[in-house]
Amino acid sequence: NLDASALIEEVLAVDEKRRATQTELDNTLAESNKISKEIGTLYKSGKAEEANALKAKTGTLKENSKKLGEVLNTAATELQDLLYQIPNVPNELVPAGNTDEDNEEVFQEGAVPALTEAALPHWELAAKYDIIDFELGVKITGAGFPVYKGKGARLQRALIAFFLDKNTKAGYTEMQVPHLVNEASGYGTGQLPDKEGQMYHLELDNLYLIPTAEVPVTNMFRDVMLNPGDLPIAYTGYTPCFRREAGSYGAHVRGLNRLHQFDKVEIVRVEHPDKSYAALDGMVEHVKDILRDLKLPYRILRLCGGDLGFTSALTYDFEVFSTAQDRWLEISSVSNFEAYQSNRLKLRFKDENNKTQLAHTLNGSALALPRVLAGILENYQTPDGIKVPEVLVPYTGFEMID
RNA sequence: AGAGAGGUGGCCGAGUGGUCGAAGGCGCACGCCUGGAAAGUGUGUAUACACCAAAAGUGUAUCGAGGGUUCGAAUCCCUUCCUCUCUGCCA
């Protein structure tokens, strides 16, 4: 839904200018390099006078190259700024549309539990069983920073461990990565400059709190040249995520629905371009498998152009249905970025013909905790308390929150 | 945080103003040698950008990064990042 034609016209014009300037600069520098060499030779053979005569000639060359250098720098910066404003090109499968209403449902599975009239939304359940304290978080930090207590905390830890185990069994290597990243990393995965205001920024050290593990994990591959045998790469990692969520309000931020700090287990893949879409399908199947284990009713949406992220070519969102809230909650987003991030990251590999080409990057949540937790609390509630999903019991050590 | 030392190609390492994209070694690739291998030996071995329809080729830039001095910088100066050693602090 973005008409980039004006931008692209500009890119082409600036690029042409850049190339012309570079050619001119290169020629000027070549000339002055040549003269410098001659001067050296002349000094060596004791012809100081001739050398000094040549020196005079370099003055204007130097002036010119300085000017051209500035023009070139300006053009290069301008070009980069323009390119940073152009989002990825959507895949052909991406449906046309403007808002989340235009997203295309491609899959649905799992029975929605029949709840009694007395069914409560998760924020009330959290208070009733004293497992999440939102007010306490407000006191310590502010809105959107909940405190998980007792069995609530344990359930969080259980989910993280369960997700990491599932991912590792599916071939993802577990990583622990920094939660703070530098500016270059922000640009590498495309959060900067697009989402400048959405990240917490530590000005003193010029570092950003990560909004997702995607940033540190994918940036491991910044300025990297891989060998053909290195692909595919599959990593998983748990991190807290920090988002300012400027502009959010109302019922959508109630309880766990939208937080400034939340936990997420992420999966990241680096793939050969020929195989990235097969990998994307594999990731979707993997997330399905997790949700089946948890026995949560969910659906999968193919995001329309208007809802698609800036850097993504194709995204599938997973949503869990919460009867108590009577709405779908987004719990995972799985995307193929094709070469968009690689281009910024300079993540390349030598292909079968020993040619360098950009790799494809993909990532997805497997899974984001708060809304999974909300879904569990709301869908698993009974008059006697909240049942813990069977697969989580070995991790929690208890079967009931009451 | 303070004081000192240092950051050179895939790796080790030489290089204190010109002929240095960079000696030498290791590694790697190909060839010779061999029945085959090792050893030996020869050749080659970075990236980006621009010009060219393309290949070949040519030019430019790159010795952590950015800036400066100079006709000319890996080499001198400034800023900055990182690493190591000692001291301090400390989960």
Side-chain angles (χ1 to χ4, degrees), chain A residues 10-84 140 176-188 192 201-209 215-216 219-231 233 238-240 270 339-359:
Chain A
E10 238 182 301
V11 164
L12 292 174
V14 173
D15 182 55
E16 186 149 337
K17 185 181 172 192
R18 195 199 103 246
R19 292 200 331 268
T21 312
Q22 168 131 29
T23 304
E24 209 183 336
L25 176 63
D26 282 358
N27 291 339
T28 312
L29 287 174
E31 175 81 18
S32 88
N33 283 347
K34 202 177 119 207
I35 294 177
S36 290
K37 253 174 208 172
E38 280 172 32
I39 291 174
T41 320
L42 288 171
Y43 272 125
K44 277 272 157 70
S45 49
K47 296 173 183 163
E49 273 175 41
E50 288 179 45
N52 287 333
L54 272 179
K55 272 194 200 180
K57 278 174 69 178
T58 62
T60 48
L61 284 175
K62 216 182 155 185
E63 234 172 82
N64 280 343
S65 58
K66 194 168 180 179
K67 268 187 218 154
L68 287 167
E70 279 164 17
V71 175
L72 183 66
N73 274 337
T74 312
T77 311
E78 207 180 324
L79 183 64
Q80 182 134 77
D81 287 347
L82 288 168
L83 289 172
Y84 278 150
I140 301 168
Q176 282 202 18
V177 291
H179 300 166
L180 269 59
V181 293
N182 58 30
E183 205 172 16
S185 293
Y187 277 96
L192 292 175
H201 184 209
L202 305 176
E203 270 184 47
L204 195 58
D205 298 293
N206 196 23
L207 295 173
Y208 294 84
L209 274 72
V215 182
N219 270 282
M220 293 198 275
F221 298 98
R222 177 149 44 84
D223 295 316
V224 163
M225 178 73 80
L226 295 166
N227 293 312
D230 297 333
L231 297 173
I233 290 164
Y238 152 72
T239 68
V270 180
Y340 190 85
Q341 290 184 329
S342 291
N343 188 37
R344 293 182 172 211
L345 291 163
K346 296 198 178 68
L347 163 54
R348 294 163 302 173
F349 71 101
K350 294 263 187 207
D351 69 13
E352 309 75 45
N353 307 318
N354 209 31
K355 285 225 169 188
T356 50
Q357 51 169 311
L358 294 167

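Naming convention: chains lettered A, B, ... in sequence-line order (proteins, then strands); numbering from 1 in each chain.
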Sequence-aligned protein contact record of nucleotides 44-56 of chain B, with B where the base is within under 4.0 Å of a protein heavy atom and S where only the sugar-phosphate is: ---SSBSS-----
Expected output is a numbered-order residue list: members of residues 31-41 of chain A with a heavy atom under 4.0 Å from any atom of RNA chain B. What is it? A/N33, A/S36, A/I39, A/G40
Please tabulate, for side-chain N and O atoms in residues 60-74 of chain A, each donor-acceptor pair with protein atoms closer than 3.5 Å (sequence neighbours left out).
| unit_1 | atom_1 | unit_2 | atom_2 | d |
| --- | --- | --- | --- | --- |
| A/S65 | OG | A/L61 | O | 3.2 |
| A/S65 | OG | A/K62 | O | 3.0 |
| A/T74 | OG1 | A/E70 | O | 2.7 |

Can you tell me how far C1' in B/A46 sits from the matching atom in B/A22, rounded to whole Å? 12 Å
Starting at atom CG of A/N73, determine the distance to atom P of B/U60, rounded to an integer number of angstrom. 18 Å
What are the two closest non-hydrogen atoms of A/S342 and A/L358, and how far apart are they? O-CD2, 3.7 Å
Side-chain donor-acceptor pairs under 3.5 Å in residues 19-28 of chain A, sequence neighbours left out?
| unit_1 | atom_1 | unit_2 | atom_2 | d |
| --- | --- | --- | --- | --- |
| A/R19 | NH1 | A/D15 | OD2 | 2.8 |
| A/T21 | OG1 | A/K17 | O | 2.6 |
| A/T23 | OG1 | A/R19 | O | 3.0 |
| A/N27 | ND2 | A/T23 | O | 3.3 |
| A/T28 | OG1 | A/E24 | O | 2.7 |

Heavy-atom contacts under 4.0 Å between residues 51-64 of chain A and RNA chain B, which residues? A/K55, A/T58, A/K62
For the pair made of CG in A/D223 and C1' in B/A65, what is the distance, rounded to whole Å? 12 Å
In whole Å, what separates the P atom of B/C20 from that of B/G59? 15 Å
Distance between the P atoms of B/A14 and B/G24, in whole angstroms? 15 Å
Identify, with sequence neighbours excluded, every residue that meets side chain to side chain contact (heavy atoms under 4.5 Å, CB included) alongside A/Q357. A/P273, A/F349, A/D351
How does RNA chain B look in dot-bracket notation if pairs are Watson-Crick or G-U with both distances under 3.5 Å, crossing ones as [ ], other-strand ones as |? ((((((((.[[[..)..(.....]]]((((((.......))))))((((((.....)))))).[[[[[..)....]]]]])))))))....
In whole angstroms, the gap separating P of B/U19 from CG of A/L42 amounts to 15 Å
Rounded distance in Å between the P positions of B/A38 and B/U34: 14 Å
If you measure from the P atom in B/A73 to the same atom in B/C84, how many Å do you get, rounded? 33 Å
Taking atom P of B/A61 as reference, at what distance in whole Å does atom NZ of A/K66 sit? 17 Å
Quick check: do A/L207 and A/V181 have side-chain heavy atoms less than 4.5 Å from each other? no
Side chains of A/L180 and A/L202: closer than 4.5 Å at any heavy-atom pair? yes
Kindly give the atom pairs (protein nitrogen or oxygen, nucleotide nitrogen or oxygen) under 3.5 Å for nucleotides 73-78 of chain B.
none

To the nearest 0.5 Å, tell me how far A/R344 CZ sits from A/Y84 OH. 5.5 Å
Can you name the residues that form a side chain to side chain contact (heavy atoms under 4.5 Å, CB included) with A/K34, not counting sequence neighbours? A/E38
Non-neighbouring partners of A/H201 that pass ring pair (Phe, Tyr, Trp, His ring centres under 6.0 Å), sequence neighbours left out: A/Y208
Nearest whole Å is fine: how far is B/G67 P from A/E70 CD? 11 Å
Say we look at B/A50 and B/A23: how far apart would their P atoms be, to the nearest angstrom? 28 Å
Between P on B/U80 and CD on A/E183, what's the gap in Å once rounded to a whole number? 17 Å
Name all residues meeting the ring pair (Phe, Tyr, Trp, His ring centres under 6.0 Å) criterion together with A/Y43; count only those two or more places apart in sequence or in a different chain, and write none if there are none. none
Determine the interatomic distance between P on B/G9 and the same-named atom on B/G66; round to the nearest Å. 15 Å
Quick one: side chain to side chain donor-acceptor pair (under 3.5 Å) partners of A/Y238, sequence neighbours excluded? A/D263
Nearest-Å distance once atom C1' is located in both B/G57 and B/G15: 31 Å
Can you name the nearest heavy-atom pair linking A/S185 to A/R222, along with the distance? OG-NH2, 2.9 Å
Could you check whether any side-chain heavy atom of A/T356 comes within less than 4.5 Å of a side-chain heavy atom of A/M225, counting everything from C-beta outward? yes
